[in-house]
Protein chains: 2
Amino acid sequence: MSAPAGGPAAAAAAPHLAILCGAGAFPLEVAADARRAGREPFLIGVVGSSDSAIEAYPHVWVRMGEVGKLFAALKGREVAELAIVGAMSRPEFSDLRLDWGAVKRAAELAQLFRRGDNGLLVGLAAIFEREGVRIVGAHEIAPRLVAPAGPLAARAPTPEDEADIAFGARLLEALSDFDAGQCAVVAAGRVLAIEAAEGTDAMLARVREMRQSGRLRLKGLAGVLVKAPKRGQDLRLDMPAVGPDTVAGAARAELRGIALAAGAVLIAGRERCIREADAAGLFIAGFSS
Amino acid sequence: MSAPAGGPAAAAAAPHLAILCGAGAFPLEVAADARRAGREPFLIGVVGSSDSAIEAYPHVWVRMGEVGKLFAALKGREVAELAIVGAMSRPEFSDLRLDWGAVKRAAELAQLFRRGDNGLLVGLAAIFEREGVRIVGAHEIAPRLVAPAGPLAARAPTPEDEADIAFGARLLEALSDFDAGQCAVVAAGRVLAIEAAEGTDAMLARVREMRQSGRLRLKGLAGVLVKAPKRGQDLRLDMPAVGPDTVAGAARAELRGIALAAGAVLIAGRERCIREADAAGLFIAGFSS
């Protein structure tokens with residue numbers, strides 16, 4: 001696990017922090033956990049995307065493409081670290097409302113928008129870093145939201161579950177060479193499902209359907225969801241995450257539990273995840289790779 | 001590719017051949033191709049499973065569990081080679097109608113039925129071989145039904161397609177270590193879907209859904225279905241196969257084509273596959289690993 005950002009005592013020394021907030025409640029969870037760790041984050045809301053609850057913090061609203069306004073706000077607050085948190089729907093370059101700060105960088109931005117999602121993010125991160133703003137991951141500023149090692153809910157994996165977790169972790173490691181697979185479901189040494197482009201929720205729904213249709217004949221709770229980042233994945237820009245939806249999907253698929261690479265997977269809605277896992281008799285556990 | 005069973009000239013020398021016919025038309029295709037290759041197969045129909053069209057050949061009907069009747073028929077015809085072809089739904093041991101030949105082997109059979117599907121097949125194959133009947137694969141007796149190297153339909157893969165095929169083949173090879181993945185869809189170096197327990201048709205339907213929902217934004221025909229056996233898979237007992245359903249699924253997913261490990265994947269309904277691939281503008285091509 002990365003070093004946490006420091007306790008309240010370290011707050012004065014920590015560089016000023018901003019959070020660029022994507023959709024949903026998760027950016028607010030990260031902000032709350034950063035505050036708990038002693039830092040007062042400055043929140044950047046994206047008009048039409050971010051939750052209005054960000055206004056409980058020092059904040060600014062920008063439209064997609066208002067790059068000049070964004071950089072001015074970061075400079076005004078002497079922000080030295082920025083986390084990009086939550087789902088952000090990728091705009092078309094032509095939909096951006098370019099302000100003067102963006103127009104100055106228009107050629108570069110247009111180039112970036114020709115890249116894939118990951119290439120776009122890497123390019124945007126480079127622009128921030130050139131302006132003196134270091135990009136940090138949610139896991140670096142909100143340590144409580146990161147999967148710890150060991151069990152998180154009431155149940156713990158059995159030795160058989162541990163064997164499935166280790167098998168799944170090796171499978172995901174092998175898939176890393178192909179830039180695929182953050183997730184798989186393994187039951188008693190058998191691979192039931194592997195995630196590619198469909199996403200974790202769809203993969204869990206598939207396991208459920210296979211059990212309901214009788215294609216998979218398994219008795220009682222069976223199988224473990226294993227989730228880990230790809231080898232070499234830049235956790236600052238793109239970190240695997242689970243949340244209450246993942247737990248609900250795993251419960252509907254009648255899995256035995258959820259195993260997460262410790263220190264490398266975010267848990268949104270941690271308390272609710274634990275509560276719902278306990279209700280369904282699932283374990284949630286971090287594993288060390 | 002394995003050596004074909006020999007042309008008509010070799011027929012007299014070839015050992016007597018039987019085909020244990022699972023459901024569907026594929027066993028009949030294999031029988032026809034074996035006959036074309038100069039061998040006259042003896043067909044074994046399973047009551048309630050096999051197509052009644054097997055009666056166009058020398059044949060016998062047996063019920064599940066009539067092991068004695070089956071072995072007597074094989075001995076009476078001096079059958080030395082047996083192919084098990086087509087889908088066979090796995091019965092429960094308690095549903096078998098055991099005749100005297102089965103009762104003599106009941107303890108052993110009951111053991112086998114405690115195994116997984118593959119273990120059961122391997123065990124049954126061993127029983128046949130002990131009786132002097134060698135188990136052969138459909139690919140050994142029906143060479144025309146096996147994917148050849150190179151294009152089979154009008155279109156051929158482009159160099160970009162070839163790169164996706166090689167990438168997908170390496171991916172499947174890596175998955176072999178986990179006894180998973182006979183199939184994947186790759187588009188321009190990106191893995192869109194990986195088959196585990198759901199089967200090829202379900203995986204293709206998923207790619208289609210992801211395109212329709214906009215989760216995957218791809219223009220025109222995109223992506224290649226790559227199919228190959230697992231490393232070490234016993235092709236005599238369990239050989240990957242495609243058919244008109246596969247072509248239809250690939251066409252609905254708007255793929256560019258289907259790539260099959262040459263010599264190691266069966267093609268059911270070959271003429272229809274080619275016709276429908278041509279109609280949809282897909283390639284079907286064998287690749288050498």
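Only heavy atoms go into these numbers, but all of them, side chains included; no hydrogens, no water, no symmetry mates. Protein chains get the first letters and strands the later ones, always in sequence-line order, with residue 1 at the start of each. This structure is a prediction, so every number in the text was calculated from the model and none was measured.
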* **Max heavy-atom pair count under 4.5 Å with chain A, selected residue of V186(B), V191(B), L216(B), V185(B)** => V191(B)
* Among residues 163-179 of chain B, which residues come closer than 4.5 Å to chain A, judged by heavy atom distances? -> F167(B), R170(B), L171(B), A174(B), L175(B), F178(B)
* Where on I194(A) is there a heavy atom nearer than 4.5 Å to chain B: the side chain, the backbone, both, or neither? -> both
* Heavy atoms of other groups near R236(B) CZ, more than 12 under 6.0 Å -> yes
* Structure fact -> If you tally heavy-atom pairs under 4.5 Å between each of A197(A), A196(A), A202(A) and chain B, the highest tally belongs to A197(A)
* To do: Could you tell me which residues in residues 205-214 of chain B have at least one non-hydrogen atom under 4.5 Å from a non-hydrogen atom of chain A, sorted by residue number?
  => R206(B), M210(B)
